Visitor: 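Please find one structure pasted underneath; my questions will follow.
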Amino acid sequence: MKKILIRYVKKHYIYLIIQTIFIFLNVYFVTYPAKIIGNLIDLLYDIPANQATILQTILYLFIVSIGLLLIRFPWRYLVTYNSRSLEKELKNELFKHFLKMKMNEIQNIKNGEIMSYFTKDVSEIRAAFYRLESYGTRIIATFLIGTFTMAQGVNLGLTAITMLPIIITSYLIVKIKKYVETSFKISQEYYTELSEYVQESTDAIRTTKAYSQEGNQLKEFIRKNKKLKSANNAVDVHSTLLTTCINVCFGLCYAISILYGSKLVLENTISIGDFVAFNGYIGIFIGPVSWLPSTISRFKRGQISYRRLENFLSLEKEKFLLVAPKEEINLKGDIKISHLSFHYPAYLEEVLEDINIVIPQGKTLGIMGTVGSGKTTLVNLLLRLYSVPDGMIYIGEKDINKIPIETIRKNICYITQDSFLFSNTIEKNISLFKKGYTEKEIMKSTKEAIIYDEIQEMSQGIYTMIGERGVDLSGGQKQRIAISRAFLNNSDIVIFDDTFSALDNKTEEKLLENIKTMTQNKTCIIISNRISDLKDADEIVVLESGKMIEKGTHESLIAQRGNYYTFYSQQISKEN
């Protein structure tokens, strides 16, 4: 996180310097009107004699006012520009880091929490930065320039005694800010909790409606929202306390100025004009001191968000070994899995235990097993979504850990069991936003995936927009659109992870024929519990509780009369 901010400052330091110069110029010019008005009042004792000087003073006041307007616009623009630039770069870095994070790190974070990083936390840091670069700089400039002008232009003693309440109030503000920080931290936690709940409720809306749980969901939301409201109220109470301190402070400042300043006027130590100017100078401090609590509050809130993002950015990333285009390797050769055992980082129990498989290049492997047997985990390890020790998985006689991750994933086409679709056009969902595919190639892939006719019936063909997660489509349509990616992507290794479950028998049979043709010279892995999907595979393995309990062809496994045969018998009886 610190590196991101340093890089940002280095990139935008010229804008930051120019902005600071303009802010100091603005504060310097802000002190002029009070002094000019004070001089003008002193000249009013003899208007006929001072008429020319009065007119010159009024003109000077007008010029200063115009100057203030001209100075104010550029620094306000620069402050906004700089803070928005920081927001943009933070979001870019967060998303880049998210895409490179290890799967086990991502799985430990809820979606609502990730969304709060991109929305709430980034906004808090941007707001804190905006406050510091705008209000913070003006506070410093006002205290330096304002105090000097009051002491030099009017009276040092009057300045010192009048500034005393401001100094005391500033100290109190620093003390109260601790309570602001604590209350905001609690508020932030409740906000994240509510965000996670809304995200989860959104994803589960169909289940909620199906089981008529809207009432319970609403009660839980109201409870969490009430906690957030109480926490936000605590933040507001402490903020109000700060505002009250400021109001009392300036009441004391004006009281001291009137009492002691009047005495100095009567003693002819200062003029009436100086007295008026001095009260005008006090008014200059009202803004900066009133900004102080909100600036500190914003800074502390930004600090909390900064720590949250720093923790997120410290989560482990995958180690990509970048490969130059000319060094790109194609993954060809046998896939060898040797004595593979694996458990997820957060668990001690092994998900896979002593797995030994060889998939010759160009052959098809079928994998069958009950829920939780480790089928998908095995594929995740082939994609290096999780790490395994050296010497357990080889592709083309090369240890998988020695092959760059991007090379593995570019050469393996993985059709997942959830058939995830983006809220975009069908064309973008099939190409996965990669450039270089023609419309003809994409259309050909839809024909091979047996979805072409249904796409043609849609309003805009392959350019039809589909809803989030493909909500507008049936389960079978989503699966076939996802399968189209395999026909379009010319990968040497193709993996289908339970991607035919929503298809009818006729469509499935025709699709498997097309896949067989497509994978003639490719290595193919099909994960399914349907015998019809696996029967033509060159070899089939059966997993149970992470162990490989059977291995062979369709015919040999039936002859063994083990688990595979049990699956076969159950499915045959259902068909009959």
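Note that the structure is a prediction, hence the values are computed from the model and not measured.
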Visitor: Applying the side-chain contact (heavy atoms from CB on, under 4.5 Å) test to Phe487, which of Ile430, Ile515, Thr446, Thr517 qualifies?
Guide: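 Passing option: Ile515.
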Visitor: Would a 4.5 Å heavy-atom cut-off, applied to side chains only, mark Ile359 and Thr364 as touching?
Guide: no
Visitor: Considering the options Ile367, Thr499, Leu534, which one meets the side-chain contact (heavy atoms from CB on, under 4.5 Å) requirement together with Ser528?
Guide: Leu534
Visitor: Does a donor on one side chain and an acceptor on the other come within less than 3.5 Å for Ser373 and Thr370?
Guide: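 Side chains of Ser373 and Thr370: no pair found under 3.5 Å.
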Visitor: Between Lys402 and Asp390, does at least one N-O distance fall below 4.0 Å, as a salt bridge requires?
Guide: yes
Visitor: Tell me if the NZ atom of Lys522 is crowded by more than 12 foreign heavy atoms within 6.0 Å.
Guide: yes
Visitor: Taking the inter-plane angle between the rings of Phe496 and Phe500 on a 0 to 90° scale, is it parallel (under 30°), tilted (30 to 60°) or perpendicular (over 60°)?
Guide: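 Phe496 vs Phe500 ring planes: tilted.
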Visitor: Taking side-chain hydrogen bond (donor to acceptor under 3.5 Å, both in side chains) as the criterion, tell me which of Gln19, His12, Arg126 meets it with Asn82.
Guide: Gln19
Visitor: Would you tell me whether Asp497 and Thr416 have side-chain atoms, one donor and one acceptor, within less than 3.5 Å of each other?
Guide: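 Their side chains do not contain a donor-acceptor pair, so the 3.5 Å distance test is not met.
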Visitor: Classify the side-chain pair Ser501/Gln479 by whether it contains a donor and acceptor separated by less than 3.5 Å.
Guide: yes
Visitor: Check this for me: does any side-chain nitrogen of one of Lys317 and Glu105 sit under 4.0 Å from a carboxylate oxygen of the other?
Guide: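 Here Lys317 does not pair with Glu105 in a salt bridge, since their nearest N and O are not under 4.0 Å apart.
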Visitor: Could you check whether Tyr568 and Tyr564 have their ring centres less than 6.0 Å apart?
Guide: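 Distance test on ring centres: not under 6.0 Å, no.
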Visitor: Verify whether one side chain among Ser116 and Arg308 offers a donor that lies under 3.5 Å from an acceptor in the other.
Guide: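 Checked: Ser116/Arg308 side chains pair up, N/O donor to acceptor below 3.5 Å.
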Visitor: Please test Met115 against Gln199 for side-chain contact (heavy atoms from CB on, under 4.5 Å), starting from the C-alpha separation and ending with a verdict.
Guide: CA-CA 9 Å; Met115 288 304 299; Gln199 177 75 38; 4.1 Å; yes
Visitor: Whether Lys535 and Glu555 form a salt bridge (side-chain N of Lys/Arg under 4.0 Å from carboxylate O of Asp/Glu) is what I want to check.
Guide: no
Visitor: Let me see the working for His339 and Glu353 under side-chain contact (heavy atoms from CB on, under 4.5 Å), right down to the final yes or no.
Guide: CA-CA 8 Å; His339 301 290; Glu353 185 178 344; over 6 Å; no
Visitor: Would Arg223 and Glu220 pass as an ion pair if we require N to O under 4.0 Å?
Guide: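 Yes, Arg223 and Glu220 are salt-bridged.
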